[in-house]
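Each remark here refers to the structure printed beneath this line.
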Amino acid sequence: MSKRTVIPEAPFEEPYQTVDVKPTDVKPTGEVPSDEPQKRRNRSGVVEVLSGNVLANKRMRRQYTFFLYCCLLIILYMGYLFACQRAQRNEVQAKIALQNARSASLVNATRRIEASSHGKIVDEVTRRHLRIKEWNIPPKEIAPYDR
C-alpha cells in the first residue's frame, strides 16, 4: 500500500489529507512467478564480450546500425591518422633533403670562391706550366659594335 496526498478543492476543507491507496494499475506480464530465487549469471562482462553474447542481446540488436557507424568512424579516423603520419614523414624527409642540398651548395660556393682567388690562380698556372703572363695593366674596354 502506498499513501497518496490529496489536495483540498474547497477552502473550508481540512488542508492536506493522506489516504491509503492500493495499486490497481498492475498489468499482467504472463510470467508465472517461481518459488526458487532467480540465479544470477556469474559471467563477467569480458567473457560475454569475447564470446559474442553481447551482440545477441535484444538491446544491442536494436543498436547495430549505430554500432556499425561507430566502427566506420573509427576506421576512418585510423586512416586519417596514418595519412597524417605519412605526410609528416614526407615533410621531415623533404627538410633533410633541403638541408643536404643547402650544405652541398655552400661547400661548392666556398670551393669556387677559394679556387678563384688570385693566389690560387697563379699557383695553378705555375703547376700546369702554362705560358701565361700576368699583366699589371687592365684590359681596354671594347665598345659594342653598332650597325
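These numbers were taken from a predicted model, which means no experiment stands behind them.
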Worksheet item: In Å and rounded to the nearest 0.5 Å, what is the CD1 to CE distance from I74 to M78?
Response: 8.5 Å

Item to complete: Could you list who else is in V46's hydrophobic cluster, with ILVMFWY side chains joined at under 4.5 Å, directly or through other members?
Response: L50

Response to the item:
residues 76-101 vs side-chain hydrogen bond (donor to acceptor under 3.5 Å, both in side chains), sequence neighbours excluded, gives none

Worksheet item: So which residues get pulled into L72's cluster when ILVMFWY side chains under 4.5 Å apart are joined, directly or through others?
Response: L76

Discussion item. Testing the basics here: between K120 and E114, what is the closest heavy-atom pair and its distance to 0.1 Å?
Written reply: CG-O, 3.2 Å

Worksheet item: Between OG1 of T126 and CD1 of I132, what distance do you get to the nearest 0.5 Å?
Response: 11.0 Å

Item to complete: Mind checking side chain to side chain donor-acceptor pair (under 3.5 Å) for E124 and listing every partner two or more places apart, or none if nothing turns up?
Response: R127, R128

Item to complete: Check which hydrophobic residues are tied to L73 through side-chain heavy-atom contacts below 4.5 Å, counting indirect links as well, and list them.
Response: Y69

Item to complete: Working to the nearest 0.5 Å, report the span between CD1 of I75 and SG of C70.
Response: 11.5 Å

Worksheet item: Apart from I96 itself, which Ile, Leu, Val, Met, Phe, Trp or Tyr residues share its cluster (side-chain heavy atoms under 4.5 Å, direct or through members)?
Response: V92

